[in-house]
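Read through the structure below, which is laid out as structure tokens, and then see the notes.
Below, each value reflects all heavy atoms present in this structure, side chains not excepted, and no hydrogens, waters or symmetry copies. A quick note: this is a predicted structure, and the numbers were derived from the prediction, not measured. Just so you know, ligand 1 is whichever comes first in the structure, and atom 1 is the first atom listed for that ligand.
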Amino acid sequence: MSAVPLNIDSILRHDWQLDEVLALFKMPFNNLLFQAQVVHRAHFDPNEIQISSLLSIKTGSCSEDCGYCPQSARYDADLESEALMPVDEVLKSAQQAKDQGASRFCMGAAWRSPKDKDIERVVEMVQGVKAMGMETCVTLGMLTDQQTQTLKEGGLDYYNHNLDTSEDYYSEVITTRTYQDRLDTLERVRDAGINVCCGGIVGMGESDKDRANLLIELANLPRHPESVPINMLVQVEGTPLMGAEELDPLTFIRMVAIARILMPESRVRLSAGRADMSDEMQALCFLSGANSIFYGDKLLTTDNPMTNHDVALFDRLGVYSGGSSYTE
Ligand code: SAM
Ligand code: DTB
Ligand code: SF4
């Protein structure tokens, strides 16, 4: 029935091969979802979803050329740039996120890489958010060893840094830093003992082979990322990827299911793009093993579903928020 033997005691594998992952992309949809759900239930409460809220702490004017991103200075995306926010404003926003039920607060900055003095302020933010009883995540671009260490000592729980796509397709989307640059930052974060949040974007014109290779790259890291965000491209006017061919929603759902099968113990996060998904599509993503979301009316610069809509959806599906910690 299945291309990969069902093994719910799953020893975590780090040796996935392209042919077996491509076979998952081609297998009957019902079989794939069943397999993903079996793996999911062996490792998680199937009705519990972790929720994080996002805040853009430094917006726009980024020197990189990521073809999907409205924050690149190279594109004209009708975005107001903002310098690094003061700590007290960030903490106000974190308190609101906590009051709305988020268990983790993720702070994102439009940098290629931060300056050392930026890190000092980010550490103050991390400490303030932790003092409120929430987990912390930041995404700041490429890091040096010293910056990574400073963030770890400041108490940071997670670092988000995405591979975005396969190594082969990467240069179609980004030319200003390499795939290896990203892998180097991920290794620093892992070695410093910070939880890794790493995933990618689907819907940028890539093939199933690229999607499979991205998931293989993630699963074959020495340790699986604790959090794997699967973003559906948010097409933004002015960016090169505006007008990319619309993705078949079933392909996105397959991506989520295969991420679950390859990385059984990771939180698979249904990330950007939910505002363009039907409730039924999101329900199928949860059935496929997605068990975390970004919650709050905004992602970094683009719209997310309204919180009252998400509350109603959780209620209709009988799912609840919880399960924050992935402590060492
Ligand atoms: N500048 C840092 C970096 O690139 O690592 C951190 C912020 S960056 C906005 C974080 C991630 O957001 C990107 O790696 C990408 O995966 C995702 N992202 C950005 N724009 C997106 C879009 N239009 N649609 C979907 N995901 C997007
Ligand atoms: C991730 O993988 N997705 C989030 C988070 N990590 C930082 C960001 C999505 C950004 C979508 C475009 C925007 O709102 O600017
Ligand atoms: Fe800059 Fe990050 Fe956007 Fe790339 S994804 S342009 S690095 S903010």
* Quick check: does any side chain N or O of His161 sit under 3.5 Å from a backbone N or O of Val189, one acting as donor and the other as acceptor? -> no
* Would you check if there is a donor-acceptor pair between the side chains of Ser72 and Asp65 at a distance under 3.5 Å? => no
* Part of Lys58 within contact of ligand 3 (heavy atoms, under 4.0 Å) -> neither
* Please state which part of His161 comes within less than 4.0 Å of ligand 1, counting heavy atoms only: side chain, backbone, both or neither. => side chain
* Asked: What do we get for Leu300 next to ligand 2 when only non-hydrogen atoms under 4.0 Å count, side chain, backbone, both or neither?
  -> both
* Residue portion contacting ligand 2 (non-hydrogen atoms closer than 4.0 Å) for Thr302 -> both
* Nearest-contact summary for atom 8 (S) of ligand 1 - protein heavy atom, Å -> Leu300 CD1, 4.6 Å
* Return the residue, atom name and 0.1 Å-rounded distance of the protein heavy atom closest to atom 3 (N) of ligand 2. => Asn231 OD1, 2.9 Å
* Structure fact -> One finds that the ligand 3 atoms under 4.0 Å from a non-hydrogen atom of Ala110 are 8 (S)
* To which protein heavy atom is atom 6 (C) of ligand 1 closest, and what is the distance rounded to 0.1 Å? -> Thr139 OG1, 3.1 Å
* To do: Check each heavy atom of Ser271 against ligand 1 and say whether those closer than 4.0 Å belong to the side chain, the backbone, both or neither.
  => neither
* Hey, does Gly199 sit under 4.0 Å from ligand 1 if you only count heavy atoms? -> no
* Contact atoms of ligand 3, heavy-atom distance to Arg177 under 4.0 Å -> 7 (S)
* **Heavy atom of the protein closest to atom 20 (N) of ligand 1 (residue, atom name, distance)** => Tyr68 CD1, 3.3 Å
* Asked: ligand 1 versus Asp164, non-hydrogen atoms closer than 4.0 Å: side chain, backbone, both, neither?
  -> side chain
* Asked: Out of curiosity, is Arg177 lining ligand 1, as in a heavy atom under 4.0 Å away?
  -> yes
* Distance from atom 11 (C) of ligand 1 to nearest protein heavy atom, with residue and atom -> Asn162 ND2, 3.8 Å
* To do: Please could you name the atoms of ligand 3 that Tyr68 approaches to less than 4.0 Å, counting only its heavy atoms?
  => 5 (S)
* **Flag for Asp184-Gln180: side-chain donor and acceptor within less than 3.5 Å** => yes
For residues 312-323, tabulate all N or O donor-acceptor pairs below 3.5 Å that involve a side-chain atom, not counting sequence neighbours.
{"residue": "Arg316", "atom": "NH1", "partner": "Asp279", "partner atom": "OD2", "Å": "2.7"}
{"residue": "Tyr320", "atom": "OH", "partner": "Asp45", "partner atom": "OD1", "Å": "3.3"}
{"residue": "Tyr320", "atom": "OH", "partner": "Asp45", "partner atom": "OD2", "Å": "2.7"}

* Asked: Does Gly108 come within less than 4.0 Å of ligand 1, judged by its heavy atoms?
  -> no
* **Lys98 side chain to Ser103 backbone, donor-acceptor under 3.5 Å** => no
* Asked: Counting backbone and side chain alike, does Cys66 bring an N/O/S atom below 2.8 Å of atom 4 (Fe) of ligand 3?
  -> yes
* For ligand 2, which atoms sit closer than 4.0 Å to a heavy atom of Leu299? -> 14 (O)
* Side chain, backbone, both or neither: which part of Val234 comes within less than 4.0 Å of ligand 2 when only heavy atoms are counted? -> neither
* If you measure from atom 27 (C) of ligand 1 to every heavy atom of Val202, Leu299, Asn231, Ile201, which option wins on shortest distance? -> Ile201
* Report the relative orientation of the aromatic rings in Tyr179 and Tyr170; use parallel for angles under 30°, tilted for 30 to 60°, perpendicular for over 60°. => perpendicular
* **Heteroatom N/O/S of Cys62 within less than 2.8 Å of atom 1 (Fe) of ligand 3** => yes
* Let me see the working for Arg211 and Glu206 under salt bridge (charged side-chain N to carboxylate O under 4.0 Å, His left out), right down to the final yes or no. => CA-CA 7 Å; Arg211 295 175 192 122; Glu206 73 288 336; 2.9 Å; yes
* **Candidates Glu226, Glu48, Glu135 - the one meeting salt bridge (Lys or Arg N to Asp or Glu O under 4.0 Å) with Arg267** => Glu48
